[in-house]
Peer 1: 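The structure's right below; bear with me while I get my questions together.
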Amino acid sequence: MQKISTLVKLFLPRLNAVLFILLFLSAMTLGPKMLNIDGDLPRHLLMGKVIFERVVPPTQEIFSYVYEGRPYTPHEWGADVIYCSAYIFLGLNGVVLLASILIATAFGVLYSEATDQNAGKVLTFLLLIMGALVTSIHWVTRPHLFTMLFLAIWLILADRLYRGTPVKIWVFPALMLLWANIHAEFIAGFLVLIAYIAGWARQYLFARSNTVLETGKKLLSATLFSLVASTVNPAGFRTWDTVLGYVNNRYLLSHIAETRPPDFTQAEYWPLLLMLGISIFLLVTQKGKFTPAQFFLIAGFGTMSLLSARNAHLFGLAAPFILSIALKGTTNFWPLSTIEAALRQMESQISGTVLPVVLTILISAVAITGPLGKSNRFEPSIFPVDAVRWLEDHPQSGRMFNAFDWGGYILFYLWPEHKVFIESQTDVTGEVTQKYETIITLRHGWQEIFKEYDITWAIIPPQWPLAKELIAQGWESAYQDQTAIILHK
Amino acid sequence: MASILTYFFPRIQDALFIGTLIAISVQGSGLVNGDGDLGRHITIGNYIISNWKIPTRDIFSHTMTGERLVPHEWLAQLTLGTAHALMGLTGVVLLIAVLIAATFTLTYRELLRRNGIRILSLLIAILAAYASRLHWLARPHIFTLLFTAIWTYQLENEKSKVWWFPLIMLVWANTHGAFIVGFIIWGGHMAGWLWEYLHKQSTKEIGVKLVIIGAASFVVTFINPAGWHLWGMSVEYLGSQFLMDQTIEYQSPNFHNWSTWPFLIMLVLGILASSLGSRLRPHESVLFAGWAVMSLYSARNIPLFAIIMAPYIGSLIQATIEKISILQQFDQRISRVENNLKGVFWPVLAISLLIIASYAQPNTSNQFNPNKFPVKAVDWLSANPQEGKMFNNFIWGGYILYRMWPQQTVFIDAQTDFYGEAFTREYTQVMNLEEGWEAVLEKYDVSWVMVQPSKPLVKVLQDEMGWIIVYHDDTTAILHQP
């Protein structure tokens, strides 16, 4: 190969940088969609604001009058503060920028680790792109994007520990301390460790030559110290209670869209289906290349993604990483081997840092200042933007009934003057959600619930049967546009 | 052991057959009421028996009268019609129970052939049966389960005769439209052979044999009342996303529903078992991954996955189970006893007893459920026939034909592959009161409607169009044009 000039050495990107830029650009482009998929973000931003003002996270419910004063587990307070900081600096563009960096970095670190372990660069790149497509169904500006990054780092560390590469044990509890204060899916970290412990135990019991007792001790220590660290949060043990209570609540799991099983007849789930198919095929055909722990991880996260579509981002990160490591050395066939050799030689001569940095800054600047930046807003066709503006000028007295997905948005602009009936995080038992469902479907007893909570006004989509029924019962329309209607008793 | 006695002691496979047979027979109501197809199949079966003629033009609806009908299930319909003619709906239930029991007995036998451990084979066969349970309905696809078992296990057996395959396919292609499954499985074997051949692990002769099997089987699929249209219809139906979306069984499995868990357990067991001693052959790996993907895409494929995968899972676990000496010794004892037994007597006795019992004391639960089908409304219609053409819920079409054809033809029934996408869209337009729904009723000259009373169509026809409710119960409302 010809010698590469110094300038080219500085600017030519490595495949890792291409992956990062590609995912960063994709996420930035999807910013408007990520902001508007559900109504959680404004609640997180408000919670961040409240924490900034009060210095400590609230441990009692403050947003919903239905649960007001009840114990509240602020299991995502760290993410709320970080998202709010991004919002304070750059508005919703800052939120999108942060989300994009989290997504791209999660896959970037996995690529680096896999290729450091001599996994094929092209194969790893392709698998991680497919993994990104799998996770893309859950690219939403919410705290679970932090979990994607934490999981990526955690997988790397746990894998190193399992393989006997030196890793400081204290890193695990330190990381868990952060994770458990940022997002409730910190439990995924324990699942990873349990898979590695189970894999180690199987090897230790049936193929002792492949492992040592020391590895098992280290994995157990990492798990126990991390367990202790996970309780260091504003709610202590209650965080575990809240999270486990939620995942065992069959009503909530079957009534929240993202916790339902994936519907593979929808094109958005095809990357997940393809990744599952590829994983199964490779596990059964290349079995000798996988460790027991890797089998457990893929089977475990694969099953979780089938039970609940929201777990697809865990599988989408774990599967390509494991597959690319396990399959190293199996791509020695033309043309992959030629491309691989050329890539390795070229990348050995370039620094590959300048262009990624320049491009990231450039994309961010263009996206924020250009038309894309203006699109990063709460869509008036999805959220009651104009209705809330009207409410700011015309505050309503009494208690409101609101659409579930609008709770966070309404709070963001109208709290503390107005508290909501429901929003996406209030209800961890399903009690209020069941009442909400009774009301919006006009099931028997819905009027009693209105009386029970002394509801005097409602903000809901005008096409809902509830709107027509309330009007039929003599409620008056105080405001109406295409998205929302405000009805008063 | 005295030779005559060897016929009188049941083997594990006999116990499995009888257990499955009885378990399904007592749940006959679920098989009959699972969906609205059965009535149509029995009606066509009765027509074939009465006229010695397979209908190739529509005579069952007033909307598609005379249109080409591809009778891709005529042999199944004839069999169902015969069972019904002999023993009513109990005969249909018994037939379906025998087919399912035979399928999983074959699965057990294939498991045993491959891994030689009876307890393991029994447990996996039961798991496979449970996985397939979510699609146990009294319909022609049950024949496909049996054909899939025969086809797959014959392909796995290197001693199978080539002529056997086109013979199976000839019957299969005339029994159920999913005969295509046979070619998908064959494709998996071809891909596996190619891989092995390229890696010098297989011979040219095996490939030639596979090609002959595929080609001969393909040719015989054209021997049916509709000729090449059979393929056209199957491919066209599978290509319509709209029709797929309309059919619940084509939707992805819902893993929040316990009925899908045996499949999930099989899937995970298959993956984890792959990490054990044995290794799947290339065609087995292709079929495992391929059917897993197809089953995740559409729950309808789960029973086929279970039948195809069960023997593979048995083979994967075999080496590990063999290390458990207690289990191994126990299994050897059973084997020593079983090797002297010939069975036969017990399955025959079980079927005979069920037939005698159903004649002695007819099973009243094997009926169409009045809460699901318009049983009382059709009773009323028999006494009060309505003038003009009817619009009906598509789930009820088969039942209405079963009870009232040829006096009454339907607007639509559950045979959506015949009615096609364009017409089914018109039907949903009316049911969902989508724009232009009134024009659809006018186009087909509908003068009365028979749907569930809770449907918005009833309220709108009554309140806004002035139609009169002439019959009403908890299940059905019949409205007539003024």
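Lettering follows sequence order; numbering is per chain, from 1.
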Peer 1: With a 3.5 Å distance limit and no angle check, can you tell me whether A/Tyr196 reaches the backbone of A/Leu219 through a side-chain donor-acceptor pair?
Peer 2: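 No; zero donor-acceptor contacts below 3.5 Å.
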Peer 1: Which answer fits B/Trp291, side chain, backbone, both or neither, if we ask what part of it has an atom under 4.5 Å from a heavy atom of chain A?
Peer 2: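 Contact with chain A involves no heavy atom of B/Trp291 at all.
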Peer 1: What part of A/Leu283 is in contact with chain B, defined as an atom under 4.5 angstrom from a non-hydrogen atom: side chain, backbone, both or neither?
Peer 2: both
Peer 1: Counting only non-hydrogen atoms closer than 4.5 Å, does A/Phe295 touch chain B with its backbone (N, CA, C, O), its side chain (CB onward), both, or neither?
Peer 2: both
Peer 1: Under a 4.5 Å heavy-atom cut-off, does chain A meet the side chain of B/Ile271, its backbone, both or neither?
Peer 2: both
Peer 1: For the residue pair B/Tyr197 and B/Trp193, categorise the inter-ring angle as parallel (less than 30°), tilted (30 to 60°) or perpendicular (more than 60°).
Peer 2: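 Plane angle under 30°, so parallel.
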Peer 1: Do A/Glu469 and A/Arg443 sit within salt-bridge range, that is, some charged N less than 4.0 Å from a carboxylate O?
Peer 2: no
Peer 1: Would the distance check show the side chain of B/Thr260 and the main-chain N or O of B/Asn254 forming a donor-acceptor pair, the cut-off being under 3.5 Å?
Peer 2: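 Present.
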